[in-house]
Number of protein chains: 2
Amino acid sequence: MAKKYSADFPLRLDNQICFAVYSAAHAFNRVYKPLLDRLGLTYPQYLVMLVLWERDGVPVKAIGERLFLDSGTLTPLLKRLEAAELIKRTRSTEDERQVLIALTAKGEQLREKARAVPESILAASDCSVGELVALKSEIVALRDRLNAVLGE
Amino acid sequence: MAKKYSADFPLRLDNQICFAVYSAAHAFNRVYKPLLDRLGLTYPQYLVMLVLWERDGVPVKAIGERLFLDSGTLTPLLKRLEAAELIKRTRSTEDERQVLIALTAKGEQLREKARAVPESILAASDCSVGELVALKSEIVALRDRLNAVLGE
DNA sequence: ATAATTTATGTTGTGTACAATCTAATTGTG
DNA sequence: CACAATTAGATTGTACACAACATAAATTAT
């Protein structure tokens, strides 16, 4: 039954850029885990906090567009951040369909503790900032091309 | 309360390569979805099938090492593939700790239907094979450096 | 050979992801 | 204004991902 080395090159796991991206994402997640545990955040929660540290008081929708996540993912995640007293959820008075997300004092303060994180990640990446910036741009360009196909 | 543009460059979402990778992985997943729906597979299930199409009759552990996944993820996933009659799970007689995963006839046949998938993904990526291969290598190298840090 | 350790897999609990569906609020059109 | 269409969020159900723990089989160390 055992089958040796298929000649099916396009179907070879190691030829697939998607698997490279998929497995790199998991590797990042595992490197982040111990750092974020100290902040009491998961990686997606950290991403939401990054968005809010740039600008808060924004609707759920805006966070979702920034992170490419929908309400099915964000609603429970934001409830957990609220339970941790890092954010407040308030229904907008202008447009009652919207729920605005604002940082609490505790949520603002967490930014100070988060300052050390990017440096640790850079160290784990074990390459220069320049290389990472270049690679990031290529990956973002690929992502945007993929998303463009989906939008059609 | 609303806070405008933080000067905290290291904490800017758009500066983070991890987010580029994370969001690219999701973009790939969304492009794959309609293609894999036709095969009755999810993306992680497709990865397992790729491994098995190269060589089957392998223990769960070997699949996990290939895909960087543990038993907590693979056990239920493999049970679903077994329920779909694509694989068989058999306890090894040589080493009773191991569960060997083999393709069923149906699982083997699915490879034919999967042949069209990589080409569709390449088209969605909207760039040359050469560029993708180069980018893939860089991402794999980064992933391996991250994983190396974890192994310490 | 027997105890201690390691290994392979399974189980449980928490937290994403996302499709599909639902409700309530707003907008567009005649 | 009336009312269909759209929009923002929430809910439900399925499927990863992984930590922590459990169990049984194999290995080793004595």
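Reminder, nothing fancy here: chain letters follow the sequence lines and each chain counts from 1.
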Rounded to the nearest angstrom, tell me the gap between atom CG in A:L47 and atom C1' in C:dT16. 12 Å

Heavy atoms only, 4.0 Å cut-off, all strands: where does B:P76 land among base, sugar-phosphate and nothing? nothing

Any side-chain N or O of A:R89 below 4.0 angstrom from OP1/OP2 of D:dA8? no

Let me spell it out: for each of B:A62 and A:T93, pick the nucleotide of DNA chain C with the closest heavy atom. Which residue's pick is nearer the 5' end? B:A62

Going by salt bridge (charged side-chain N to carboxylate O under 4.0 Å, His left out), name the residues that satisfy it together with B:R38, two or more places apart in sequence or in a different chain. none

Measure the distance from NZ on B:K79 to P on C:dG10 and round it to the nearest whole Å. 6 Å

For A:T75, check side chain to side chain contact (heavy atoms under 4.5 Å, CB included) against everything at least two apart and list the hits. A:S71, A:K79

Side-chain N or O of A:Q98 versus OP1/OP2 of D:dG9: is the shortest distance under 4.0 Å? no

Considering only C:dT16, D:dA10, D:dC16, which nucleotide approaches the side chain of A:R91 most closely? D:dA10

Of the listed nucleotides D:dC16, C:dA17, C:dT11, the one nearest the side chain of A:T73: C:dA17

Distance below 4.0 Å between A:Y22 side-chain N/O and D:dC16 OP1 or OP2: no

Where at least one partner belongs to residues 129-143 of chain B, residue pairs that pass salt bridge (Lys or Arg N to Asp or Glu O under 4.0 Å), sequence neighbours excluded: none

Nearest-nucleotide comparison on DNA chain D, the residue closer to the 5′ end among B:S92 and A:V58: A:V58

Quick one: B:L77 CG to C:dG10 P, roughly how many Å, whole number? 12 Å

Here the distance between atom C1' of C:dT16 and atom CG of A:L67, to the nearest Å, is 13 Å

OP1 or OP2 of D:dA10 versus the side-chain N and O atoms of A:K61: is any pair under 4.0 Å? no

Non-neighbouring partners of A:E82 that pass salt bridge (charged side-chain N to carboxylate O under 4.0 Å, His left out), sequence neighbours left out: A:R89

Taken to the nearest whole Å, CG/A:L69 to P/C:dT16 is 10 Å

Taking only the side-chain nitrogens and oxygens of A:T75, find out if one of them lies under 4.0 Å from OP1 or OP2 of D:dA10. yes

Taking salt bridge (charged side-chain N to carboxylate O under 4.0 Å, His left out) as the test, write out the residues that go with B:D70, two or more places apart. none

Sorted by first residue and then second, give each salt bridge (Lys or Arg N to Asp or Glu O under 4.0 Å) pair with at least one member in residues 13-26 of chain A; sequence neighbours left out. A:D14-B:R66

On the side chain of A:S71, is there an atom forming a donor-acceptor pair with the base of D:dA10 - under 3.5 Å, no angle test? yes

Those residues that, when tested against B:R145, pass salt bridge (charged side-chain N to carboxylate O under 4.0 Å, His left out) (two or more places apart): none

Kindly indicate, with the supporting measurements, whether the criterion side chain to side chain contact (heavy atoms under 4.5 Å, CB included) is fulfilled by B:L52 and B:L86. CA-CA 10 Å; B:L52 295 174; B:L86 296 171; over 6 Å; no

Which atom names give the shortest non-hydrogen contact between B:L11 and A:P118, and what distance separates them? CD2-CG, 3.8 Å

Just to be sure I understand the geometry, which residues of residues 27-43 of chain A put a non-hydrogen atom under 4.0 Å away from DNA chain D? A:R30, A:K33

Going by side chain to side chain contact (heavy atoms under 4.5 Å, CB included), name the residues that satisfy it together with B:Q109, two or more places apart in sequence or in a different chain. B:A105

Spacing between A:L81 atom CG and C:dG15 atom C1', to the nearest angstrom: 12 Å

Under 3.5 Å, which donor-acceptor pairs link side chains of residues 24-34 of chain A to any protein atom two or more places apart or in another chain?
from	atom 1	to	atom 2	distance (Å)
A:Y32	OH	B:Q16	OE1	3.3
A:K33	NZ	A:D37	OD1	3.2
A:K33	NZ	A:D37	OD2	3.1

Distances under 3.5 Å only, N/O to N/O: pair up the protein atoms with those of nucleotides 12-14 of chain D.
none

Interface polar pairs with nucleotides 23-25 of chain C, N/O, under 3.5 angstrom:
none

Within the distance-only criterion (no hydrogens, no angle test), does the side chain of A:W53 pair as donor or acceptor with the backbone N or O of A:G107 below 3.5 angstrom? yes

Take the protein atom CD1 of A:I63 and the nucleotide atom P of D:dA10, then report the distance between them rounded to whole Å. 11 Å

Can you tell me the distance, in whole Å, between the CG atom of A:L150 and the P atom of C:dA19? 10 Å

Can you tell me how far CD of B:E108 sits from CG of B:D56, rounded to the nearest 0.5 angstrom? 6.0 Å

